[in-house]
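One structure is given here, and the rest of the page talks about it.
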Amino acid sequence: MAEEQDNRIAVLFVNAPKRFVQKTCDTGDCVIWTGATLNSGYGSVWCGGRTTTAHRAAYFWEIGPIHPDLDVMHTCDNRLCVNPRHLLAGSRKQNMEDCVAKERQVRGERNGQAKLTDDTVRWMRHAVANGMRQADVCRALGVSPSVVSQIVKRIRWSHVA
């Protein structure tokens, strides 16, 4: 099994430095980075005289140069995966659209910085729809008029029904 794993890794990483390959673990699908990580959960590696993400380095070594304006995206959604077959270059917009489509973004009350909850947002919309003035909602909740207006218009917290 170990030899089979080594052969698969050798096929995936023809151009990566040996020290990079030694910090990977083949799971049969994803190839997991076992070296240093960033606070964001992505692998971290020294490449080209600076620190970069391990998946970006893997893409560079095995697929080719990446325009500085492009992100390297995971098709497997595993931040530690460095399998070149799971990596695609795309714009920041494409990366964010992929994140939203797969519901990986943290929004609403799941955001640790959120001051409101889904229930508060529902109450706010209900109160304004039933005649409560937005200024009174602002005072009751301690939020700004623009926040109330944007929530009522579903510009903010649009995911809450």
Side-chain angles (χ1 to χ4, degrees), residues 1-121 142-151 153-161:
M1 181 71 176
E3 186 178 318
E4 182 181 310
Q5 197 174 57
D6 289 343
N7 289 340
R8 186 169 180 277
I9 294 281
V11 168
L12 289 173
F13 296 107
V14 176
N15 300 310
K18 186 175 181 179
R19 70 183 184 282
F20 178 88
V21 177
Q22 290 172 339
K23 294 181 181 181
T24 64
C25 175
D26 186 1
T27 66
D29 188 28
C30 289
V31 177
I32 304 300
W33 176 252
T34 60
T37 59
L38 302 168
N39 289 339
S40 61
Y42 291 99
S44 173
V45 65
W46 186 257
C47 175
R50 67 184 196 98
T51 300
T52 190
T53 56
H55 67 285
R56 192 171 180 92
Y59 185 98
F60 172 77
W61 286 319
E62 301 306 322
I63 298 170
I66 312 151
H67 191 279
D69 292 341
L70 295 180
D71 288 351
V72 174
M73 308 182 303
H74 290 91
T75 60
C76 60
D77 297 327
N78 183 339
R79 292 178 182 201
L80 290 175
C81 181
V82 294
N83 184 341
R85 294 179 181 159
H86 293 184
L87 305 175
L88 295 172
S91 68
R92 174 56 50 109
K93 182 178 183 216
Q94 289 171 316
N95 200 5
M96 292 300 101
E97 287 171 349
D98 180 59
C99 180
V100 169
K102 294 176 179 175
E103 297 183 356
R104 288 181 317 202
Q105 79 282 17
V106 178
R107 59 184 186 171
E109 63 186 25
R110 289 178 39 211
N111 182 332
Q113 306 247 349
K115 295 180 173 74
L116 302 172
T117 66
D118 293 357
D119 288 338
T120 306
V121 167
V143 295
S144 72
S146 65
V147 167
V148 173
S149 176
Q150 290 175 357
I151 288 173
K153 293 176 182 175
R154 299 186 182 278
I155 295 168
R156 287 190 179 186
W157 292 73
S158 60
H159 65 283
V160 176

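Along the sequence shown, the residues carry numbers beginning at 1. Both backbone and side-chain heavy atoms feed into the values below; hydrogens, waters and symmetry mates do not.
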What side-chain donor-acceptor pairs closer than 3.5 Å can you find for residues 42-50, not counting sequence neighbours?
none

Quick check: are there more than 12 heavy atoms from other residues, nucleotides or ligands sitting under 6.0 Å from NZ of K102? yes
Hey, what do you get for CD (Q150) to NZ (K153), rounding to the nearest 0.5 Å? 8.0 Å
Check: T120/T117 side-chain N/O donor and acceptor closer than 3.5 Å: yes
Could you check if a side-chain atom of F13 sits within less than 4.5 angstrom of a side-chain atom of V31, using non-hydrogen atoms only? yes
Partner residues of F60 under the ring-ring contact (aromatic ring centres under 6.0 Å, His included) criterion, sequence neighbours left out: none
What one should report as the nearest heavy-atom pair of C81 and N83 is SG-N, 3.4 Å
To the nearest 0.5 Å, tell me how far H86 NE2 sits from H55 NE2. 13.5 Å
Quick one: SG on C30 to CG on L80, what's the gap to the nearest 0.5 Å? 9.5 Å
Run the numbers on V82 and Y59 for side chain to side chain contact (heavy atoms under 4.5 Å, CB included), then give the verdict. CA-CA 8 Å; V82 294; Y59 185 98; over 6 Å; no
Look at the side chain of T24 and the backbone N and O of V21, then say whether any donor-acceptor pair between them is shorter than 3.5 Å. yes
Could you go through L88 and T75, starting from their C-alpha distance and side-chain angles, then the distance that decides it, and tell me whether this counts as side chain to side chain contact (heavy atoms under 4.5 Å, CB included)? CA-CA 7 Å; L88 295 172; T75 60; 3.5 Å; yes
Could you tell me if the side chain of L38 sits less than 4.5 Å from the side chain of T53, heavy atoms only? yes
Shortest non-hydrogen contact from R56 to L70? NH1-O, 2.8 Å
Can you pull the side-chain hydrogen bond (donor to acceptor under 3.5 Å, both in side chains) pairs that have at least one residue in residues 61-74, sequence neighbours excluded? D71-R92, D71-N95
Output for pair (D26 CG, I9 CD1), nearest 0.5 Å, gives 4.5 Å
Is the side chain of R154 donor-acceptor paired with the backbone N or O of V160 at a distance under 3.5 Å, no angle test? yes
Close side-chain approach of D118 to H159, heavy-atom, < 4.5 Å: yes
I63 side chain near P84 side chain, heavy-atom distance below 4.5 Å: yes
Value for OG (S91) from CD (E97), rounded to nearest 0.5 Å, stands at 7.0 Å
For residues R19 and K23, determine if any side-chain heavy atom of one lies less than 4.5 Å from a side-chain heavy atom of the other. no
Quick one: closest heavy-atom pair of T52 and A57, and the distance? CG2-CB, 4.2 Å
Flag side-chain contact, heavy atom, 4.5 Å: V143 against I151: no
What I'd like to find out is whether the side chain of R156 reaches to under 4.5 Å of the side chain of V147, using heavy atoms alone. yes
